[in-house]
Protein chains: 2
Amino acid sequence: MAPDDAHAAHRTGGGRRDASATILDVAGRAGVSAATASRVLTGSSHAVSPPTRRRVLAAARDLGYLPNMLARSLLKRETSAVGVLVPDVSNPYYAVILRGIEDAASETGRAVIVCNTDRRGDKVRSYLRALLERRVDGLIVAGGTIRREHLAAVRSAPPIVVIGRHGVPLPSVRVDNVGAAVAATRHLIELGHRRIACLAGPAESLTAADRLTGYRRALRRAGLPARADDVARGEFSLAGGRRGGERLFARDDPPTAVVACSDQMAIGLVRLLHERGLRVPDDVSVVGFDDSPLASHTVPALTSVAIPMYEIGRRAMALLRRLLEDGGAEPVVLPVELRIRETTAPPRPCCRPRDRAAGAPGGPRVPGPA
Amino acid sequence: MAPDDAHAAHRTGGGRRDASATILDVAGRAGVSAATASRVLTGSSHAVSPPTRRRVLAAARDLGYLPNMLARSLLKRETSAVGVLVPDVSNPYYAVILRGIEDAASETGRAVIVCNTDRRGDKVRSYLRALLERRVDGLIVAGGTIRREHLAAVRSAPPIVVIGRHGVPLPSVRVDNVGAAVAATRHLIELGHRRIACLAGPAESLTAADRLTGYRRALRRAGLPARADDVARGEFSLAGGRRGGERLFARDDPPTAVVACSDQMAIGLVRLLHERGLRVPDDVSVVGFDDSPLASHTVPALTSVAIPMYEIGRRAMALLRRLLEDGGAEPVVLPVELRIRETTAPPRPCCRPRDRAAGAPGGPRVPGPA
DNA sequence: TTGTAGGCGTTATCAT
DNA sequence: ATGATAACGCCTACAA
């Protein structure tokens, strides 16, 4: 911008804002051609004499040379960057997945660009476009945010790995949410519960749909009736759990157990029950999903189906990497595990579980130390 | 992937993996030069006749043209990408900050590259290097991860905004952590507590140091002694809070109140106390920091100093944007607010707060509904 | 072992 | 109003 540095150029070393040295500077200082410098700096297999190599390395060091990846990417048609679409990073669920992705990505020098879609189609579209303009090598899409139409709008999309979707003709990493919900519900049934409600996730979420399916399947298998008003939908959040609980427990004959489709919902529910003078697990049993770090630290500690979120992230990136290198892309289904803690117990022997509020000094409030 | 499209190239429209059309394709199809196409596509002020413009636009649409930002960035020497260094995205604290950053960034079409440093110097260095090779326009560094030496190693770094640091000659966004801790501690003092402990954060964290300073200052101002063994250091985590609590409560004369330097620590501590048969707030009062969404949903609900994390993220990005445009960069200090809930109450009238375990049915266990 | 030259896709400058 | 050309920084055939 200054009139006189167009020609002064970087050779002078003058402190322009963008004064990073180019490979030509390095080559010049080492007394070699750019090609030779490049060969040394990229660790090419092309032979270079040891003395020359040393001079180039020294020059690069002295100049604080940093290769311009833009130029390199333009030429090689690959950026070693990947785009990640999640509904919301501030949701612990996705935050942990993102961590797994980033850890795996950084191991191969790849950069991760995050995008929060809020599950909104317009955001998905614009982020997708921006990511493709940046020529990311691949995409990881979590939270079932992506639809066929989004991709159709775009020629030549890079490889995509989806997290938590199935039935899509795209490589995916997921858990068996149906089976997970069956396990959670069966646990309650085996404890003796007969009226089991479900705090289900939002209608747009496939994960939510699968867990609801599993819940119903377990009920059916046990010959228990599936009452429509024992299912409340809501966000996978603290507030969602609370609000759903308000609906579930607004009746005269409330359930004795609840399958909450996320730990956040479960915690919101437990709080609500507490305010209503209902004790967990004495009056109501609650099981959550995800086994977030929190689950074992709440009072009472939450029984939860562990979903290996960090691993999901890692595997998604591993899958994408394979897609980028070879091509083989087996879908991955990770195992889940029910972690039984303190929020689940047999139902009260008596039929009306909701006889009295807080006060009642029964036995010890919760099982015991961790 | 299909065997026969390797040579089909993009001109034919065949679906090669990297078949995105270039501006030359668009120009060709519209019967104009690349320069004209560029002028239309970039919304340049340079005049273009309406019919030509239409043809270019149509061609671009037909071809599914996506500008190659690599080439553009190379030329313009700016990438509209920013790098964000955080200790760990899976920590809710940073996850929310990141969300704020990304929201603000996307409003100006900037991409966010996330990096998890785990507060390790080697990771900081390598991420920094990678980010600079990618020629990010700017950097946001959270968690006091950066030191002078890291930057010194590098010529011509782009603008940097730090989060949560002060005393560094870099534009910053932060809160008054000393004042926040004074407020939290004073709250306990005003409740009548005299033995107040502190679950402090890790020694490397400036935030932790500031909060500890505030805690001590409040004690001193109230004429209360500062006992060294009433301070336990640990990670800002559930486990950290738990372990710190073990040390704090290993003595015969435990404190009656604790300033926990994060909500996570506070929750870990509450759980530990529960296991030990100590009731919160009856036997021990606890105040946390951050006011995470969880704070109002735990049982009992956590008294906490609210830190506006989302806003911190947004402001950091806003500051960086200003740095990139004009240059003015006033440091930002955001206000905090003490949110009093259910974990703090006056100490037991009797002197030995730890007389009996669980059983004792005192008054109503917690204040009341939210 | 080293150097030369061409091109990756854009945009800015300078004609026309 | 439009077009030709150079340059951004790098890598890789190909030549020497």
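Values reported hereafter were calculated over all heavy atoms of this structure, with side chains retained and with hydrogens, waters and symmetry mates removed. Proteins get letters first, then strands, A, B, ... in listed order; numbering begins at 1 in each.
Looking at residues two or more places apart in sequence or on another chain, you find a side chain to side chain contact (heavy atoms under 4.5 Å, CB included) between Arg120(B) and Asp118(B), Asp122(B), Lys123(B). Evaluation of the side chain to side chain contact (heavy atoms under 4.5 Å, CB included) rule for Glu78(A) yields Asp137(A) as partners, not counting sequence neighbours. Annotation: salt bridge (charged side-chain N to carboxylate O under 4.0 Å, His left out) contacts of Arg55(B) (sequence neighbours excluded): none. Residues passing the salt bridge (charged side-chain N to carboxylate O under 4.0 Å, His left out) test with Glu107(A), sequence neighbours excluded: Arg314(A).
Without hydrogens or angle criteria, Arg315(B) side chain to Ile312(B) main chain gives no donor-acceptor distance under 3.5 Å.
Computed from coordinates, the Glu78(A) CD to dC11(D) C1' distance equals 13 Å when rounded to whole Å. Regarding Arg55(A), its CZ atom lies at a distance of 11 Å from the C1' atom of dT2(C), rounded to whole Å. In this structure, Arg134(B) atom CZ and dC10(D) atom P are separated by 15 Å, rounded to whole Å. Residue Leu74(A) contributes atom CG, which lies 9 Å from atom C1' of dC8(D) at whole-angstrom precision.
Checking the phosphate oxygens (OP1, OP2) of dG9(D), a side-chain nitrogen or oxygen of Arg77(B) falls inside 4.0 Å. In this model, the phosphate group of dT2(C) is not approached by any side-chain N or O of Thr36(A) to a distance below 4.0 Å at OP1 or OP2. Of the side-chain N and O atoms in Ser49(A), one or more sit less than 4.0 angstrom from OP1 or OP2 of dT2(C).
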Identify each donor-acceptor pair in which a side-chain atom of residues 162-171 of chain A lies under 3.5 Å from a protein atom, sequence neighbours left out, and give them as a table.
| unit_1 | atom_1 | unit_2 | atom_2 | d |
| --- | --- | --- | --- | --- |
| His166(A) | ND1 | Arg174(A) | NH1 | 3.3 |
| His166(A) | NE2 | Asp210(A) | OD2 | 3.2 |

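Legend: side chain to side chain donor-acceptor pair (under 3.5 Å) pairs involving residues 35-46 of chain B, not counting sequence neighbours, sorted by first then second residue: Ser33(B)-Thr36(B). The side chain to side chain donor-acceptor pair (under 3.5 Å) pairs that include a residue from residues 321-330 of chain A number zero, where partners must be two or more places apart or lie in different chains.
Rounded to 10 degrees, the angle between the two end axes of the helix from dT1(C)-dA16(D) to dT16(C)-dA1(D) is 50°, with five pairs used at each end.
A donor-acceptor pair shorter than 3.5 Å can be found between the side chains of Ser80(B) and Arg134(A).
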Heavy-atom contacts, protein to nucleotides 10-16 of chain C, under 4.0 Å, summarised as B (base), S (sugar-phosphate only) or - (none) per nt, yield BBBB---

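Here Ser73(B) lies out of heavy-atom contact (under 4.0 Å) with every strand.
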